[in-house]
Novice: 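Structure in structure tokens, see below.
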Protein chains: 2
Amino acid sequence: MSRAADHAYAEIRSLILSGEASPGSPLTEEQLAQLCSVSRTPVRDALRRLEVELYVVRSDSQRVFVADWSREDVDEMFTLRGMLEAHAAARAAKRFDAADLHALRRCNAAIEEAVRHPQPDIAGFLDANRDFHRIIVEIARSPRLAATLATLVEQPVVRRTAMRYGREQLAQSVQEHRELIQAFEARDADWAHGVMTGHIRRAFHAFSSHAA
Amino acid sequence: MSRAADHAYAEIRSLILSGEASPGSPLTEEQLAQLCSVSRTPVRDALRRLEVELYVVRSDSQRVFVADWSREDVDEMFTLRGMLEAHAAARAAKRFDAADLHALRRCNAAIEEAVRHPQPDIAGFLDANRDFHRIIVEIARSPRLAATLATLVEQPVVRRTAMRYGREQLAQSVQEHRELIQAFEARDADWAHGVMTGHIRRAFHAFSSHAA
DNA sequence: CGAGAACCATTTGTATACAATACCGTCATA
DNA sequence: TATGACGGTATTGTATACAAATGGTTCTCG
């Protein structure tokens, strides 16, 4: 994917993440093309990617809409994510090297930093948190697993809801990451598996309790 | 996706499945367009779909090649598949209705039929087997799970290798499906989970022992 | 003889025009 | 009033021309 298509992808994606394009609203190729100052061709490519990543859905007649996640959808997503990320964590606990561990620590420090202030920087938290989880998946060295998870992790609904998280939930998250790192240091795959399972489950509960 | 793009998709896919286009060989849009008697536009759409479904891979410079599966790739695929299908089986065991059960029985009968003859109809086995697993995933009512599994199940490498399976392996498979149906009748999610886990693991071993 | 640069051929990316299809409001009719 | 057919409009699908980029080959120079 090259310049114009990448640009269109990023632009449309942020349109959705920011909430400017609300869930369920239709997206037409022409309109997006004008918005991005490109032709319909790269827009079509971008929409295909966004479709795979579940940002948008296609109707039977090929019209594209901003994805609208039901409670069941979110539930399903967290369930799959828990299963797959726990597996990733178990694999990673057996495969990481010193540099990986260092990267994880640095990343968790960044998360902590974002949470510390009286007014937590939740966007910063979400970005660093995403990185943390991504690093673990990277360490697991399982490209298909990584590809699958990539389509599940950064969901607009979840992200928007997370904006309402309280300090305790954020701090709790940091703590769980710490335990995960401990499990890594012990090279204990089962421990890592369990911690990650609980971590994702609690994230789901946090989501549920903050959802509108 | 409409006529031309669908046609291109089907044609390219069968080109790969039949082995006419061998793993690692390059595919160019123009050449495929001529083969399918369409323009490059629908070919591009088809290639995107085939990329998501792991039939083809893209190099850094966006060139497309028939996917070439290493032993690790196959291993990873079976691992993920085992995890996800076991989950699907557990869910399905709690959700199926009478019609679902009937469909599963019919499907397993078809598998049995394909295996019975002195010269087993392995292509027939593979098709019916795919249907059996697909029905279970359907019953689980988890669209993202279904979408993920769809990208993992029908792999050319596996299919070609399965062509060398012996009678015992095929018969064993029928038997395991029977036990799965029993677990369903008992509405025992854990049992179904365990049977499916073992079923996929043994399928992997069968693959490994027949792989060139 | 080897390394590197310049060139040409091949391939993918993008824009655009036109065709096909789907959606939606209108109108006729029961 | 409900329903169904019709037609205009909006939207997506396809083909094609051209631009950009990539890869390989050859030629030159050290």
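Residue numbers begin at 1 in each chain, while the letters A, B, ... track the order of the sequences.
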Novice: For C/dA22 and A/Q62 - does any side-chain N or O of the residue sit under 4.0 Å from the phosphate oxygens OP1/OP2?
Specialist: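 No, outside the criterion.
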Novice: Examine C/dT16: is either OP1 or OP2 under 4.0 Å from a nitrogen or oxygen in the side chain of A/R40? Give yes or no.
Specialist: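 No, because none of the side-chain N or O atoms of A/R40 sits under 4.0 Å from OP1 or OP2 of C/dT16.
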Novice: Calculate the interatomic distance between A/Y9 atom OH and C/dG13 atom C1'; express it in whole Å.
Specialist: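 A/Y9 atom OH is separated from C/dG13 atom C1' by 19 Å.
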Novice: Return each pair, listed once, that meets ring pair (Phe, Tyr, Trp, His ring centres under 6.0 Å) where at least one residue sits in residues 80-100 of chain B; pairs must be two or more places apart or across chains.
Specialist: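 As it turns out, the ring pair (Phe, Tyr, Trp, His ring centres under 6.0 Å) pairs with a partner in residues 80-100 of chain B, which skip direct neighbours, are B/F96-B/F184.
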Novice: Is there a residue in residues 24-39 of chain A whose heavy atoms reach under 4.0 Å of DNA chain D, and which residues are they?
Specialist: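 Within this stretch, A/L27, A/T28, A/E29 sit under 4.0 Å of the strand.
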Novice: Could you list all N or O pairs between the protein and nucleotides 20-23 of chain D that sit under 3.5 Å apart?
Specialist:
residue, atom, partner, partner atom, Å
D/dA21, OP1, A/R3, NH1, 3.3
D/dG23, OP1, B/S61, OG, 3.2

Novice: Tell me, please, which residues at least two apart from B/A109 pass side-chain contact (heavy atoms from CB on, under 4.5 Å).
Specialist: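 Testing B/A109 for side-chain contact (heavy atoms from CB on, under 4.5 Å), a comparison that skips the adjacent residues, returns none.
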Novice: With sequence neighbours left out, which residue pairs that include part of residues 133-157 of chain B fulfil the ring pair (Phe, Tyr, Trp, His ring centres under 6.0 Å) condition?
Specialist: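 Every pair satisfying ring pair (Phe, Tyr, Trp, His ring centres under 6.0 Å) with a residue in residues 133-157 of chain B: B/H133-B/H177, B/H133-B/H199.
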Novice: Residues two or more places apart in sequence or in another chain: which of them pass side chain to side chain donor-acceptor pair (under 3.5 Å) with A/S59?
Specialist: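 Once residues adjacent in sequence are excluded, the partners of A/S59 under the side chain to side chain donor-acceptor pair (under 3.5 Å) criterion are A/S61.
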Novice: Step by step, would you call A/D100 with A/R95 a salt bridge (charged side-chain N to carboxylate O under 4.0 Å, His left out)?
Specialist: CA-CA 9 Å; A/D100 294 329; A/R95 292 167 180 257; over 6 Å; no
Novice: What is the distance, to the nearest angstrom, from the CZ atom on B/R44 to the C1' atom on D/dG13?
Specialist: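 For the pair B/R44 CZ and D/dG13 C1', the rounded distance is 15 Å.
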Novice: Kindly point out which of C/dT16, D/dT14, C/dG13 is positioned nearest to the side chain of B/A4?
Specialist: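 For the B/A4 side chain, the nearest candidate turns out to be D/dT14.
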Novice: Please list, chain by chain and in numerical order, all residues satisfying side chain to side chain donor-acceptor pair (under 3.5 Å) with B/E76, sequence neighbours excluded.
Specialist: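 Partners of B/E76 by the side chain to side chain donor-acceptor pair (under 3.5 Å) criterion, ordered by chain and then number, come out as A/S142, A/R144.
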Novice: Does any pair with a residue in residues 9-67 of chain B pass ring pair (Phe, Tyr, Trp, His ring centres under 6.0 Å), and if so which ones, sequence neighbours excluded?
Specialist: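 Found none.
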Novice: By side chain to side chain donor-acceptor pair (under 3.5 Å), which residues pair with B/R91, not counting sequence neighbours?
Specialist: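 For B/R91 there are no side chain to side chain donor-acceptor pair (under 3.5 Å) partners, ignoring immediate neighbours.
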Novice: In whole Å, what is the span from the CG atom of A/D45 to the C1' atom of C/dT12?
Specialist: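 Computing the A/D45:CG to C/dT12:C1' distance gives 11 Å.
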